[in-house]
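Written below as structure tokens is the structure these notes are about.
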Protein chains: 2
Amino acid sequence: MPHRSRTTASIVRVPELEYDVLDVLIGYALRRAQVALYGAFDRATRGMDITPPRFTALVIVGANAGISQSTLGTVLGIARSGAMMLVDWMVERGMVERRNCPRDRRAWGLHLTVRGERFVEKMKASVLAEDRRQASLLSSAERRTLLGLLDKISVTKKERRA
Amino acid sequence: MPHRSRTTASIVRVPELEYDVLDVLIGYALRRAQVALYGAFDRATRGMDITPPRFTALVIVGANAGISQSTLGTVLGIARSGAMMLVDWMVERGMVERRNCPRDRRAWGLHLTVRGERFVEKMKASVLAEDRRQASLLSSAERRTLLGLLDKISVTKKERRA
DNA sequence: TATTGTTATACTCTATAACTATA
DNA sequence: TATAGTTATAGAGTATAACAATA
């Protein structure tokens, strides 16, 4: 399940066309909405060289100092090898440090550097503002409703069984 | 903006972790929901060698006989070259035919074959059923509300200016 | 045995740029 | 000039499999 690239794509609704079953599929409606929100994300992070997985990784490390690479991968829904490359990227840019983990000598404990903390704050503020701007097409009540409904359907089959 | 691969990924919510700003971002909630719906899509199309772009392309061609490759690309939000490879794939499997376009001799008119029509019907029924099953975590009123809210935020900046 | 991090490799989807035929 | 289709190339993101160190 690859993540989206930097390029701002757009799904244009062509009025003359029939969309058939696509008009009633929650999955397709989600994709259209996500493309629009990715546009907002792109504007918010322009010039920062940030992608959605990088954003998520930085926020998670910032809020969970000492987290391991494997756990980070689980949160992002990617394999260990991918999490590692993501961490490499953050380390190369001086935003994250790998420190020894006292409890498990196999694992690294990930921590934001001071530079990383500054960057994460700036990035979060910018993304949050653009997300709100895009979502300003909704009232705040509608926004809460949307978050609630999305949360309800975000359950995987595995979790439902558990 | 690459599409998702076949592998059913999963974003696991780790209860011990702080999610910080991710909990209030519409964009992140959309991504989680989309991952769950992709799981449903995967189950629905297991063994069919179908991906979301292939599904969308087949449905659109089926509902819009004679459509050109470029228009198809616009609907999917991908470049012409990508639309072409998608059409190659459908043609190789005997689902779609490229016919000469009477109005514009540069373009192809795309049409489903009889085999393609049968396949599309089967595929649509299966995907719709799984989408409903996943969305059955919602009442039908909630489902309509969700579709409406998603539609509201699916407007790109370009469209808003227009 | 199972798990963490690592490395190497391969695959999918998409973009870009250049070419041709037609508009 | 601009657009439709084509071709070739490159890049991002992810998966898988295997290995060493540790649990």
Side-chain angles (χ1 to χ4, degrees), chain A residues 1-11 14 31 34-35 38 41-42 45 49-57 66-92 96-110, chain B residues 1-11 31 34-35 38 41-42 45 49-57 61 66-92 96-110:
Chain A
M1 209 176 203
H3 237 292
R4 314 283 169 188
S5 76
R6 292 300 307 166
T7 321
T8 308
S10 61
I11 295 185
V14 183
R31 167 141 168 77
Q34 206 181 25
V35 168
Y38 267 115
F41 182 89
D42 262 4
T45 59
D49 199 19
I50 283 295
T51 59
R54 288 173 186 170
F55 175 82
T56 307
I67 191 176
S68 73
Q69 292 184 180
S70 288
T71 306
L72 184 61
T74 303
V75 172
L76 292 163
I78 61 176
R80 286 195 307 272
S81 55
M84 206 209 94
M85 287 190 294
L86 211 43
V87 172
D88 281 349
W89 183 89
M90 299 188 290
V91 169
E92 279 164 18
V96 166
E97 271 177 11
R98 285 183 170 104
R99 300 192 197 155
N100 290 326
C101 185
R103 299 180 184 178
D104 188 337
R105 290 205 322 241
R106 291 173 304 183
W108 295 114
L110 304 176
Chain B
M1 207 173 202
H3 237 289
R4 312 285 169 187
S5 76
R6 293 297 310 168
T7 321
T8 308
S10 61
I11 295 184
R31 168 139 167 77
Q34 207 181 26
V35 169
Y38 268 117
F41 183 88
D42 261 4
T45 59
D49 199 21
I50 283 296
T51 59
R54 288 172 187 172
F55 175 83
T56 307
V61 172
I67 191 176
S68 72
Q69 293 184 177
S70 288
T71 305
L72 185 60
T74 304
V75 172
L76 293 164
I78 61 176
R80 283 196 309 267
S81 55
M84 206 209 94
M85 287 189 294
L86 211 43
V87 172
D88 280 348
W89 184 90
M90 299 188 289
V91 169
E92 279 163 19
V96 165
E97 273 177 11
R98 287 182 169 105
R99 300 192 195 154
N100 290 326
C101 185
R103 300 181 181 176
D104 188 338
R105 290 204 322 241
R106 292 173 303 181
W108 295 113
L110 304 176

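Sequence lines set the chain letters: A, B, ... in the order given, protein chains first and strands last, and positions in each chain run from 1. Just so you know, these numbers use all the heavy atoms, side chains as well, and skip hydrogens, waters and symmetry mates.
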> Which letters describe nucleotides 18-23 of chain C, given B = protein heavy atom under 4.0 Å from base, S = only from sugar-phosphate, - = neither?
Replying inline: B--BBS
> Just to confirm, is there a sub-4.0 Å distance from OP1 or OP2 of dC13(C) to any side-chain nitrogen or oxygen of R54(B)?
Replying inline: yes
> Which heavy atom of C101(A) sits nearest a heavy atom of G109(A), and at what distance?
Replying inline: CB-N, 4.1 Å
> Within the structure shown, what part of the strands sits under 4.0 Å from A107(A) by heavy-atom distance: base, sugar-phosphate, or nothing?
Replying inline: sugar-phosphate
> CE of M85(A) versus P of dT7(C): gap in Å, rounded?
Replying inline: 11 Å
> CG of D88(A) versus C1' of dA12(D): gap in Å, rounded?
Replying inline: 16 Å
> So, do I11(B) and R31(B) sit near enough that their side-chain heavy atoms are less than 4.5 Å apart?
Replying inline: yes
>> Can you measure I67(B) atom CD1 to dG5(D) atom C1' for me and round it to whole angstrom units?
In response: 15 Å
> Does dG5(D) have OP1 or OP2 sitting under 4.0 Å from an N or O in the side chain of S70(B)?
Replying inline: yes
>> Measure CD1/I78(A) against P/dC11(C) and give the value in whole Å, please.
In response: 21 Å
> Which is true for S68(A) with a 4.0 Å heavy-atom rule: it touches a base, it touches only sugar-phosphate, or it touches nothing?
Replying inline: sugar-phosphate
>> List the residues meeting salt bridge (charged side-chain N to carboxylate O under 4.0 Å, His left out) with R105(B), not counting sequence neighbours, and say none if there are none.
In response: none
> CZ of F55(B) versus C1' of dT12(C): gap in Å, rounded?
Replying inline: 20 Å
> Is any side-chain N or O of T51(B) closer than 4.0 Å to OP1 or OP2 of dC13(C)?
Replying inline: yes
> Expressed in angstrom and rounded to an integer, what is the separation of R99(A) atom CZ from dT4(C) atom P?
Replying inline: 21 Å
Please tabulate, for the side chains in residues 69-80 of chain B, all donor-acceptor contacts under 3.5 angstrom to protein atoms that are two or more places apart in sequence or on a different chain.
from	atom 1	to	atom 2	distance (Å)
Q69(B)	OE1	R98(B)	NE	2.8
Q69(B)	OE1	R98(B)	NH2	2.9
T71(B)	OG1	S68(B)	OG	3.0
T74(B)	OG1	S70(B)	O	3.1

>> Without decimals, in angstroms, what is the distance between W89(A) CH2 and dG13(D) C1'?
In response: 14 Å
> Taking CE from M84(A) and P from dG13(D), how many angstroms apart are they, rounded to a whole number?
Replying inline: 15 Å
